[in-house]
Amino acid sequence: MVDSTVVPLPDSKAAGKAARAIVPLAAHAEFRLAEDRDPVGLLLRQAETRVPELVPVRHGRMLVSPFTFYRGAALVMASDLGAAPSTGLRVQLCGDAHLSNFGAYASPERNLVFDINDFDETYPGPFEWDVKRLAASLTIAGQDNGFDAGDCRAATLAAVERYRLAMREFAGQPILDVWYAHLNVDDAWAEFTAALSASKRKKHKRTIRTVSAAVAKSRTRTSLQAIGKLTAVRDGRRRIVADPPLVVPLEELTTLDPAAVRHELDDLVSAYRGTLPADRRVLLDHFALADVAHKVVGVGSVGTRAWILLFEGRDETEALVLQAKEAQESVLAAYTDGPRYTNQGERVVSGQRLMQASSDIFLGWLQGTQVGGTRTDYYLRQLRDWKLSAEIGEVSPASLLTYARMCGWTLARAHARSGDRVAIAAYLGKSATFENAVADFADAYTRQNERDHEALREAVASGRVQATTEA
């Protein structure tokens, strides 16, 4: 998927060091605004391709705090990063690598692994864009939580330093070792707690108990658990329960013909099946589509079309819930050269498979088609499979520091799979110059993000933007 040579070349180290002449390490601290910059205008432009009645919900969620605004403003940051000088060291980018887009899930081997878990914006581009997106999210989240400036900077520095050190480690490893590398949550957590002294264990007793409980709970988040929460039996048949406007079953969507859409969905499921490996097709054939509902998801994704697909097997113990999520063009596509796709779902799936250590066994896409009269592209995955995400509003400075390091290592591993890891490592070097510069950038961008958040609030107050506040 990356449109550049990723095999390290004999002169990779020289190329990495030469890139410093284009963008010196210290220059990453700089943040310049375009004269015609209009963050609210960008959000309104993005809203043109979304479900109109859900756009106010998206804006309402973005208004909650500077951090929720940041989560929804990937396009705004892409335009800012696109205006800055580039190192030219390209990788497959996540495109929206804020800390809430990392988390744990079940690998096909049934291990709980930590990785990037959102690829809606994945696209090739300069490695530093993802690093800066992650760094700024840590500073913004820390400030949202009331942490002092020192704690926010410590977490941001920890993430970027871990990225730099991990990239240097990967640069010295064979590519197969890089490809096999993953972060096993159980192993990492056991290693972390074992290294704590008795006094630190006592000091962090609450955090240890909370994290241990969350890890255990994640293993209960399966398709069967989702079915118990999202469905009910009516007239002898299991159906998805309505929770409008967030969850609306197909038969309650008055703007569509349920029978016609259901017929189309049968064809779409068949098309999706064709994007799976042969063994996964056999597995999918054990299930039949039983019900469908529209679902509102996330913050930045609100307004894109997302569907819950309920599949049932031969008895009530065999069930599967997939999420079909609309894939639009990446927000990065307008700001960096890269491939153009006839199906954006394939873009998402290709990027995810390239960046993740192991991906959902049901990960696939639908070819562009007519659904309810609108041409859409989708990617599909399980709705829940041991999913575990950090409750950002509940983390302490110490736990944010640990989480930041995990994110930094994970992002480096993802980039090392697709980019020239030797050149990137050579560019980053052995000093702390890069992480200090990116931390300065994160601090400056945090202040800009606050101004952008306020600009959205003012646009809502003036009537330029419509927003719905959820209870």
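Quantities reported herein were computed from a predicted structural model and do not represent experimental measurements. Residues take their numbers from the sequence shown, with the count starting at 1. Side chains are part of it too, since the values below use all heavy atoms of this structure and drop only hydrogens, waters and symmetry mates.
- Checked options R305, K295, R50; the residue passing with E326 is R305 (criterion: salt bridge (charged side-chain N to carboxylate O under 4.0 Å, His left out)).
- Each of T446, N449, D144, V76 was scored for a side chain to side chain contact (heavy atoms under 4.5 Å, CB included) with Y70, with one residue passing: N449.
- By the 4.5 Å heavy-atom criterion applied to side chains, Y123 and V331 are not counted as neighbours.
- Here the side chains of F69 and R61 are not in contact, with every heavy-atom distance at 4.5 Å or above.
- When the shell of 6.0 Å around CZ of R340 is examined, it contains more than 12 heavy atoms from other residues, nucleotides or ligands.
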**OP:** Show your reasoning for whether side-chain contact (heavy atoms from CB on, under 4.5 Å) applies to R58 and L43.
**Re:** CA-CA 10 Å; R58 179 177 191 246; L43 295 176; 4.0 Å; yes
Original post:
For D115 and T410, what are the C-alpha separation, side-chain angles and deciding distance, and is it a side-chain hydrogen bond (donor to acceptor under 3.5 Å, both in side chains)?
Top reply: CA-CA 6 Å; D115 214 323; T410 299; 5.5 Å; no
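- A salt bridge links D285 to R273: one of the charged nitrogens lies within less than 4.0 Å of a carboxylate oxygen.
- The aromatic rings of F114 and F102 lie parallel to each other, with less than 30° between the two planes, well short of the 60° mark.
- At a threshold of 4.5 Å between non-hydrogen side-chain atoms, the residues Q323 and Q382 do not count as touching.
- Shown here for V349 and G364, the closest heavy-atom pair between the two residues is CG2-O, 3.4 Å.
- Judged by the 6.0 Å distance and 45° axis criteria, R413 is not positioned over the aromatic ring of Y163.
- Applying side-chain hydrogen bond (donor to acceptor under 3.5 Å, both in side chains) to R153 and the options D443, D440, T139 leaves one that passes, D440.
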**OP:** Start with the C-alpha gap between S399 and S396, add the side-chain angles, then the distance that decides, and say whether side-chain hydrogen bond (donor to acceptor under 3.5 Å, both in side chains) holds.
**Re:** CA-CA 5 Å; S399 58; S396 65; 3.0 Å; yes
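- Annotation for S137 and L99: closest pair OG-N, 3.1 Å, computed over non-hydrogen atoms.
- In this structure the side chain of I308 reaches within 4.5 angstrom of the side chain of I240, judged on heavy atoms.
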